[in-house]
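Given the structure is predicted, the values throughout are model-derived calculations rather than measurements. Labels below follow one simple rule: chain letters A, B, ... track the order of the sequence lines, proteins then strands, and each chain is numbered from 1.
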Protein chains: 2
Amino acid sequence: MPYFTLDASSLQHWLTDHADLAFRLGGDPSDWTIREVSDGNLNTVFLVDGPVGSLCCKQALPHVRVAPEWPMPLERALYEARYIRATAEAVRPAAPELYFYDDEMFLLVMECLTPHEVLRTALIRDEVQPGFSTTIGQYVARSVHATSWISQPFEHGSKLLADFAGNTALTRITVDLILTDPFRPCSRNPAPEAALLPDVEALHTDKPLHRAVGSLQDRFLTARQALLHGDLHTGSIMQHKDDVRVIDGEFATMGPIGFDCGLYLGNLALHACAAPNKRGLIEAEITAFWNSFTTELRTLLKTGGGDVWALSDEAQREELLENFLIGILQDTTGFCGLEMIRRTIGFAQVADYTLCTTPESRTEARRKALTIGRRLILEAANVATLENLLALMLLA
Amino acid sequence: MPYFTLDASSLQHWLTDHADLAFRLGGDPSDWTIREVSDGNLNTVFLVDGPVGSLCCKQALPHVRVAPEWPMPLERALYEARYIRATAEAVRPAAPELYFYDDEMFLLVMECLTPHEVLRTALIRDEVQPGFSTTIGQYVARSVHATSWISQPFEHGSKLLADFAGNTALTRITVDLILTDPFRPCSRNPAPEAALLPDVEALHTDKPLHRAVGSLQDRFLTARQALLHGDLHTGSIMQHKDDVRVIDGEFATMGPIGFDCGLYLGNLALHACAAPNKRGLIEAEITAFWNSFTTELRTLLKTGGGDVWALSDEAQREELLENFLIGILQDTTGFCGLEMIRRTIGFAQVADYTLCTTPESRTEARRKALTIGRRLILEAANVATLENLLALMLLA
């Protein structure tokens with residue numbers, strides 16, 4: 001079927017033509033309830049409820065959903081489908097199941113997550129069940145194990161490089177919005193509040209910072225360690241009680257493992273800037289993430305299986321892994337800093353700052369995020385332990 | 001035309017059907033002289049002379065030419081054609097021109113290099129014109145500029161990742177023959193001479209060495225800095241007087257820049273082990289390579305053009321480049337050590353050792369290459385200057 005943009009009515013028709021999916025819903029099409037719940041920046045999302053089951057249908061639009069003048073190739077849906085297929089077995093049950101991908105409609109039909117809530121929203125409402133970051137740490141470690149050169153024959157990684165290298169439209173967003181724009185005058189950057197303007201302008205001329213960002217640009221594009229989610233922030237995670245799921249893998253690319261870790265921790269640290277009373281919760285979540293990530297990765301990688309470290313026995317792999325983890329922590333620190341800055345002054349800012357009750361406290365929260373972000377970028381190479389990172393975040 | 005293995009007669013027929021190529025030769029097919037000159041391990045090569053011009057025709061075989069029981073996908077010819085196309089404009093005139101690629105016959109038709117000689121052969125015969133390494137240093141720098149994330153928009157590198165990630169059959173050779181086999185018992189390794197057996201066996205149980213090789217395995221597969229030739233040894237270079245050309249790019253892959261540099265320098269350093277009287281020449285060539293490589297790269301990369309270092313002005317890029325060059329030198333040192341070891345005791349050994357006039361001197365030369373190679377691998381991370389590298393090679 002040639003591509004067209006679905007609405008509730010045409011989606012009902014499309015589902016009727018797909019017996020397996022209609023069977024999951026049960027009843028007749030007239031029994032189904034279809035709601036559009038688009039929330040992210042890029043795509044339309046429908047939830048479909050039937051007498052027996054429910055579905056989540058996500059379709060790519062030919063433009064950015066929230067900025068229709070910004071064209072965006074439909075193929076991003078293909079990369080999300082590939083990402084889910086490349087990681088599903090390893091991360092189950094921490095991601096929704098993909099039931100069907102329509103490569104002409106650029107439509108993913110997935111497990112419906114209800115009554116789940118977006119983690120960022122739950123954090124803002126103070127409705128999270130603490131410890132959710134343990135699942136995210138395991139999720140990243142298991143993705144790494146499924147896709148890294150240490151744990152898989154190199155032909156597997158080469159296939160992933162080939163499968164995801166074409167995802168340039170979304171990687172261009174990362175390169176521009178995270179790695180470049182916040183540090184230069186750019187029409188995509190929203191005008192900051194007047195009180196923050198000097199801080200923002202200082203970032204545009206901060207040469208030591210630009211040098212350090214240059215190193216992170218290099219890491220992001222050259223250090224192809226494993227398949228990344230590529231956009232692992234608290235808005236890409238759904239949770240209900242202790243069921244935590246990662247969604248929205250359309251930014252997937254082979255890259256440095258610390259990129260996923262850094263984006264996740266950056267969004268947590270931002271939350272602590274916006275809600276200083278929750279510093280204890282955030283410190284505990286960051287610690288839970290790093291502990292579960294490293295514990296899981298130590299277990300999964302010690303048996304090897306890849307061409308990298310193939311000459312080393314289990315004892316030596318454990319030793320190599322400790323250095324590897326320090327490298328990941330340093331990348332994590334740098335990318336965390338980038339995320340804190342870009343989510344504070346870049347194109348895609350976060351709702352966490354709505355927790356600030358006065359303009360003054362919001363400016364103060366943002367200034368704190370910029371200060372911490374800058375320090376993380378500059379000090380990344382000196383970080384050797386989680387405590388070092390927490391101290392830089394003013395959370396230790 | 002479905003694939004079949006060409007001989008002189010069928011090649012003449014094939015050329016007759018390709019008017020542009022026949023025109024380059026001139027005259028009638030009966031005027032053409034076709035000689036098979038296959039010399040490398042993998043392919044058949046014919047030189048065709050006509051009244052007006054000449055051609056070099058290189059066809060992939062479905063197996064390793066020198067080991068017919070070892071199957072090898074024909075697609076390696078495609079990757080060589082892609083490599084030439086990706087680098088030709090940048091490196092001209094240091095590579096032969098590709099006139100035509102037949103993707104069904106897996107046949108490359110190229111500029112014929114006569115009366116050029118393989119550099120390794122010329123070195124062994126002591127017939128080189130000193131300074132040839134200046135061209136090779138420029139060649140590597142210009143390839144880097146044409147394909148790196150510092151000098152090109154990242155979409156260019158992503159395209160190269162996609163175009164070359166499928167070259168797994170030849171990358172598997174690199175992973176096995178260079179990065180793994182020499183350090184473990186393996187049926188592909190020829191039995192060493194008895195006097196060298198203890199040295200070879202020591203490499204199989206050398207844990208600190210295995211740890212360092214593990215880091216180089218990681219660098220080779222994860223550090224996707226630029227498009228590599230992938231097999232840049234003195235047998236992949238033709239020269240006649242001061243005309244120096246790089247051939248045989250079928251191992252091309254995105255990888256660490258120091259891999260190409262290290263293989264080249266490793267083959268020079270091996271030559272000095274086999275012919276100690278030529279240490280002065282080799283030291284001068286290694287110095288010429290590194291000086292021309294770094295001088296050219298400093299000039300080419302200071303203007304930027306890529307997404308990496310995009311925030312930095314020319315002065316800061318120069319500063320970043322100095323650190324970048326130290327990283328390349330450290331990679332070069334490690335891969336140089338791997339190449340010296342694998343060319344001495346691995347599957348594909350080198351003819352340079354025929355310069356040793358007695359079995360004892362040959363064993364001594366090989367032992368020296370193993371000792372230097374091991375030291376280069378172990379000390380790579382401590383190298384900061386060319387002088388450090390030359391000292392480790394016992395050439396300073």
| task | Look at H210(B), Q316(B), E319(B), R219(B) and state which one has the largest set of heavy-atom pairs under 4.5 Å with chain A. | result | Q316(B)

| query | Which one of D313(B), N323(B), V213(B), I150(B) has the most heavy-atom pairs closer than 4.5 Å to chain A? | reply | D313(B)

Look at [options] and state which one has the largest set of heavy-atom pairs under 4.5 Å with chain B.
{"options": "F154(A), F164(A), W149(A)", "value": "F154(A)"}
{"options": "L221(A), T168(A), N167(A), D218(A)", "value": "L221(A)"}
{"options": "K207(A), R172(A), E155(A)", "value": "R172(A)"}

| said: Is there a side-chain contact between T299(A) and E296(A) in this structure, where contact means two heavy atoms from C-beta onward sitting under 4.5 Å apart? | reply: no

| query | L179(B) versus chain A, heavy atoms under 4.5 Å apart: side chain, backbone, both or neither? | reply | backbone

| task | Under 4.5 Å heavy-atom distance to chain A, tell me which part of T171(B) shows up: side chain, backbone, both or neither. | result | both

| query | Can you check whether Y83(B) and H229(B) have ring centres sitting under 6.0 Å from each other? | reply | yes

Sidechain-backbone polar pair: [X] side chain, [Y] backbone, donor-acceptor under 3.5 Å:
{"X": "R224(A)", "Y": "M254(A)", "value": "yes"}
{"X": "T222(B)", "Y": "A223(A)", "value": "no"}
{"X": "Q330(B)", "Y": "A381(B)", "value": "yes"}
{"X": "N189(A)", "Y": "R184(A)", "value": "yes"}

